[in-house]
Amino acid sequence: MISSTEQEETSESIDRLAAYFTLTKDHRIKKLSWYGLIPDWAPRRSDDINSAELLPLQDPGLRAALDRSFAGESSSFQFQRRSNSGLFCAFNLLCFPSGEQGDDSINCVISETCVEKEISEKLQAKIRDLDIINQAVRAFSETKNLTDILRIVLLAVTSGSGLGFNRGFIFLADDSETLLHGCLATGPSSSEDAGAIWQSLSARPLPLEEVLRLYKADPKIHDGYVNKLVVSLQIPIAGGSNFLSRAILEKKSIIVGPDMMLEGNDPELRRKFGVDELAVVPFISMESRLGVIVADNMVTRKPISPTDVKFLEIFARYASDAIENSRLYGKLRRQIFSLKEANRQIIRSRENLIRAEKLSSISKMALDVAHQVRNPLTIIGGYANAQLRKSSSDDPAYAALEIISKQSSRIEQTLDRFSSIVSLSEKKEDKFVLTDLVKEALGMMVNSETDGFPSVTEDIEILGARIFVDQGLFYEAMMVILRESARIVGGIEKVAMEIKKRLDSAIIFIGGGDNYREFAEMFYRVLRDGHGDLRSQEMAVALEILQHYGGDIGIGSSDNLHGWLTIELPLCKEE
Amino acid sequence: MKNILIVDDEAGIRSLYESEFGIEGYKTFSVGSGEEALDRLNHDSSVDLIILDIKLKDMDGLEVLEVIRSRAGRVPIILNSAYSTYKANFTSWLADAYLVKSSDLTELKSKVREYLTF
């Protein structure tokens with residue numbers, strides 16, 4: 001059976017049990033009225049009741065107290081009585097004179113002191129619960145590390161000085177809230193295992209705060225069977241076909257009961273936990289579904305009550321805040337890191353640009369000189385060669401023409417070598433780290449003062465992977481593509497890039513804007529005209545550059561919603 | 001007789017090529033600017049091959065090349081420049097051949113022969 005805690009929540013209000021009556025001198029009871037629940041041994045009549053039905057009249061202490069009140073004083077007396085069901089209760093009797101002239105009867109009040117005790121015990125339990133939460137919250141506030149927070153949650157849930165469950169399992173949702181990933185679990189895998197653990201713990205029972213301090217950093221928490229079990233689980237959220245996804249989708253706690261199998265709610269998942277009863281409580285933040293905690297009493301087989309789940313729910317709210325804070329803190333740190341990285345790239349790119357510009361000016365000057373020399377040289381040498389062909393060797397000018405021709409050719413060879421050197425100094429064809437090149441190209445495009453930086457996600461496998469290209473040409477191609485992308489999505493900061501490795505190639509996915517699908521379609525219109533020919537001269541050049549290095553540009557779609565421009569480039573084989 | 005249009009802003013080069021290709025048996029016309037070249041091509045459909053310099057006074061030889069190609073003319077064009085660096089410019093790939101200027105005209109003559117034989 002699955003029951004929500006809301007449906008089965010019982011009232012915790014307890015009516016104070018009390019009886020009011022008048023006692024005559026001959027010990028007859030008049031005008032009896034009950035407040036609260038009438039005990040099973042009590043008379044229901046209101047008048048002419050034999051007081052022995054209600055009071056232990058054989059007790060001399062009681063008799064003395066009654067006598068004092070009949071004599072005009074207030075008195076009290078405590079007595080005990082067992083109910084028909086065997087419940088042993090304590091009562092307090094208060095007696096005082098009626099105060100009316102001529103009336104020798106007294107007024108009495110009986111109150112049940114064991115109810116007071118019960119209330120007091122409940123209050124103590126509430127204080128203990130609050131203390132547990134207080135200690136856990138203090139521990140949460142001391143760390144921003146997600147793993148530490150999850151450990152604190154599990155220790156608080158499973159520790160005897162905490163919520164006291166036998167086992168706890170934490171599942172966290174991914175950013176898109178499509179999958180629950182098993183993250184961390186703690187608890188025994190069997191009764192024997194539990195015996196060994198509890199024996200070691202019972203040797204020195206510790207308050208929760210101490211447990212958290214001692215075991216928070218214990219690496220053994222990751223070694224247990226239950227932890228290995230939980231990290232192997234990935235549960236789809238959509239559809240709510242199992243109790244974990246239902247709890248997170250409906251943002252509601254669930255007690256999974258023994259007849260779960262009959263209801264067809266993912267019995268396979270249930271078997272993995274290996275128990276008849278589980279409590280599943282979602283971690284919910286202001287806007288996100290963060291995950292769920294599963295707790296059970298696998299070893300003690302203690303039934304999980306709605307009160308247990310209610311407390312787990314309250315605790316989970318505090319844990320949710322800690323998890324959310326940790327995630328936000330992590331996100332902020334990553335953003336700061338990426339901004340710093342972007343800043344470094346911009347500075348590096350600017351330096352590169354300045355260097356390239358200087359080099360380019362020198363090369364241009366040198367080539368201009370070479371050009372200026374080559375034209376007259378072609379004319380002089382060309383005419384000399386033409387005259388040589390017309391002359392015979394005994395012609396007096398023949399030797400001079402031969403010298404002019406040879407010297408022209410010699411200067412041309414020198415110019416060729418010089419031009420080659422200038423060209424080589426410009427050429428930067430080499431193996432380059434792809435992700436660095438992409439970021440540098442972005443850095444050249446982004447004006448740090450007015451533009452934001454586009455989002456760039458790199459697959460871990462692509463980090464450090466190199467491509468063989470001319471650096472300048474690659475920048476040129478990337479900048480053309482990025483310029484078009486920025487124009488389509490309305491700003492470079494709205495462009496989204498992912499760089500991934502696929503077999504021996506790198507794939508750069510470029511998309512972004514409000515509608516990814518629209519991006520792909522618009523880019524296709526930029527790329528090709530109605531006949532499939534390249535529309536833009538610049539894009540044709542970019543494509544030529546990429547194809548020159550074995551790459552290509554394409555339009556792709558990972559699903560019906562996401563369309564991308566893709567750039568594929570062969571990766572260098574690393575030694 | 002095949003007709004060759006020579007486009008170069010250096011009068012000495014024009015004169016040398018006219019003389020050399022004349023001896024080779026071709027009819028040559030030469031102009032000193034891109035505009036003149038395009039004008040000539042507009043009115044004269046008899047041109048069988050163009051020898052085109054890149055650095056011209058009025059316009060870039062590569063622009064002239066693009067205009068000629070955009071008119072869907074399949075006349076063979078040999079880029080003939082004092083610069084070798086334009087080989088890296090993808091527009092130059094629209095030409096049939098790219099030769100750096102040299103006092104030794106053997107290679108240029110050989111290319112002309114190659115394109116005008118077929």
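Numbered from 1 within each chain, the chains take letters A, B, ... in sequence-line order.
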In Å and rounded to the nearest 0.5 Å, what is the CG to OG distance from B/Asp104 to A/Ser405? 8.0 Å
Non-hydrogen atoms of A/Glu412 and B/Lys101 that approach each other most closely: OE2-O, 4.3 Å
Whether over 12 other heavy atoms sit under 6.0 Å from B/Asn42 CG: yes
Can you check salt bridge (Lys or Arg N to Asp or Glu O under 4.0 Å) on B/Glu10 and A/Arg374, steps first, answer last? CA-CA 11 Å; B/Glu10 288 277 350; A/Arg374 190 180 286 274; over 6 Å; no
Any chance CD of B/Glu107 has more than 12 other-residue heavy atoms, nucleotides or ligands included, within less than 6.0 Å? no
For B/Leu16 versus A/Thr378, what's the shortest heavy-atom pair and its separation? CD2-O, 3.6 Å
With no hydrogens and no angle check, just 3.5 Å: does a side-chain donor-acceptor pair link A/Tyr383 and B/Ser103? no
Checking heavy atoms, do the side chain of A/Asn385, its backbone, both or neither come under 4.5 Å from chain B? side chain
